[in-house]
Amino acid sequence: MTRHVLELDATRAEGALPHREGHNGHPSPMSLAVRACVLEAKYELLKALRMPAFAIPAIVFPAMFYVLFGVAFGSRGVAGLTMPTYLLATYGAFGVIGASLFAFGVGVAVERGHGWLTLKRATPMPPASFLLAKLAMCALFSVAIVALLATLGVTLGGVRLAAPTWTLLMCTLVAGAVPFCALGLALGLLVAPSAAAPIANLVYLPMAFASGLWIPLEALPAVVRSIAPWLPAYHLAQLALKTIGGGADAPVWSHVAALLGFALAGLGVALYAYRRQEE
Amino acid sequence: MIAELHAVTKRYGDLTALRDVSLALEAGQVTSVLGPNGAGKTTAVKLLIGLTRPTRGTARLFQTEPRSVAARRRTGVMLQISKVPETLTVREHIASFRSHYPAPLSIDDTLSRTGLAAVADRRFGHLSGGQRQRVLFALAICGNPDLLFLDEPTVGLDVESRRAFWQEIRRLASEGRSVVLTTHYLEEADAVSDRIVLLDRGMVTADDTPHAIKARVASRRIRCVTRIDPHVLGQWEDVSSVRLDGAAVEILTRDAERVIREMFARDDRLSALEVTGANLEDACLALTAQRNGGAPSASTGVVP
């Protein structure tokens, strides 16, 4: 690698343009792309960790709410589960949805506003690499959020689940965050940078409430219960509850299908907004 | 030929940013795209690097589609942007950008070429305005590009940084790279460019070497202190522009001798007289003024 750079400089010293047609000695385009994507993900994570305004609310708020509303009412049961067990699933959903919506929605909007995305678009970096890096960052945040909730659940709330169940719950929540990344991306590419955070909150908080993430749906008025199935957060919460033996009667595939639908809708809007910037 | 606009028109809604512009850039040259605000300089650059599509006509970069990965791997870009993510350090930003190129410059080489070695481990958010501008320059060159696009690269730099910057541009050009830049500092463009493309209201007004452009207007600049009303001077034949500078008046003219004779005839106490050859700024002003005054003269127009 280094040797090749020196060769290039030597060609240049003679006043000739280096020939790049045959990439002899270069890493293959595939390995270059993979390496660049991994590096991109690493810096995406560093960037997020060094941004207290994102990292602290993303990790601390779900845990704080879980302790206040979930663990504190430990003795009561709901839908055959103890309250802390039930709410572990829904606050897990609350946490991963928040991280995804804000990382993509607000993160992309702000970087777009500064012109950073335009500059990135002018580099050879494939747009997929940008998205994968942010997705990886979100996934790691999701793991951290759920792990913290699980620790609180076990230590303070007496939650007891079998190891395979823990794994399934974790995987469901982390994978289930992806549709919210797509929705966040649509938001981030569409709205004005300064409006992104307020709009993200306006979507996030009411949706979390109406999907039964804070208080079990069983304890909410009928009107809220009738709205819930129209919200993506409801479907993720139901999937998470199913892994621990709860949830409504609808089959798993119906929730997966609903989440896929929201993901595709988000991606469609995002693609439209992205194309519009190229005009 | 490394980059080309062919009969390109670009509209944003009702606004026509470029009108039937054709432009071909040769390898190994420093080309400055100049013109008043709103002339279409940034649009021309954005079309060449594939950040925007022509409404009509075609844009090519390295004989291919400007937005292709192949073209972008040979291109470095510096745009007028306000910020890059503030929580990453200079070194991290360079490492991330260069990872997308097949044969990038080393991080240390990039840092030393841009005078950033001392602040390499500082976060972008903690840098001064001039340092931030240099980071953007570093991101443009770290991929070891054959062609560099620099949109207003020296905005916000102090005199010393600007000098260092132009020195590095000369070095990059001497290494065989091509450079395309837009700038408001015409004196600097004059010193560094092999070629000037002058845009005005979306059209190419002139496309030549700085020397030829200055010669084309064949103007000289008269500077003196006089009692003659500048508005009257502006009406004279052969006077293309009049500008007040403190107590002095600056006149751009094709026939300095005749204007001076006429001025002495009207004001024999005229003082502090200086006559100089027109600089690039005068030439650009004169060429733009010609167009705005009426139909383009034979010497201007779209260059094929």
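Lettering follows sequence order; numbering is per chain, from 1.
Enclosure of atom OH in A:Y274 by more than 12 non-hydrogen atoms of other residues, nucleotides or ligands within 6.0 angstrom is indicated. Counted within 6.0 Å of CD on B:E65, heavy atoms from surrounding residues, nucleotides or ligands total more than 12; the atom is thus considered enclosed. Counting non-hydrogen atoms of neighbouring residues, nucleotides and ligands closer than 6.0 angstrom, the OH atom of B:Y12 exceeds 12 such neighbours. For NE2 of B:H6, the number of neighbouring non-hydrogen atoms (other residues, nucleotides, ligands) closer than 6.0 Å is 12 at most. A 6.0 Å sphere centred on NZ of A:K47 holds more than 12 heavy atoms belonging to other residues, nucleotides or ligands.
Only the side chain of B:R67 comes within contact range of chain A, with heavy atoms under 4.5 Å apart. In this structure, no portion of B:R11 lies under 4.5 Å from any heavy atom of chain A. Residue B:F149 does not touch chain A at all, counting heavy-atom pairs closer than 4.5 Å. Neither the backbone nor the side chain of B:A71 comes within less than 4.5 Å of any heavy atom in chain A.
Contact detail for A:E40 and B:H100: the closest heavy-atom pair is OE1-NE2, 3.2 Å. Pairing each heavy atom of A:W116 with each of B:H93, the nearest pair is CH2-ND1, 3.8 Å. Smallest separation of non-hydrogen atoms from A:L119 and B:V77: CD1-O, 3.5 Å. Closest of all the heavy-atom pairs between A:G113 and B:S82 is O-OG, 4.5 Å. Taking every heavy atom of both residues into account, B:T87 and A:R50 meet most closely at O-NH1, 2.8 Å.
The distance from atom OG1 of A:T118 to atom CD1 of B:I49, rounded to the nearest 0.5 Å, is 9.5 Å. One finds the OH atom of A:Y43 at 7.0 Å from the OG1 atom of B:T89 (value rounded to the nearest 0.5 Å). In this structure, CD1 on B:I81 lies 10.5 Å from NZ on A:K120, to the nearest 0.5 angstrom. Rounded to the nearest 0.5 angstrom, A:L39 CG and B:E92 CD are separated by 9.5 Å.
Of the listed residues (A:G115, A:C37, A:A48, A:P124), the one with the most heavy-atom contacts under 4.5 Å to chain B is A:P124. Most heavy-atom pairs under 4.5 Å with chain A: of the set B:R123, B:M78, B:Q80, this distinction falls to B:R123.
The main-chain N or O of A:M125 is never found under 3.5 Å from a side-chain atom of B:R72 such that the two would form a donor-acceptor pair.
A 4.5 Å side-chain heavy-atom check between A:E111 and B:P85 finds at least one atom pair inside the cut-off.
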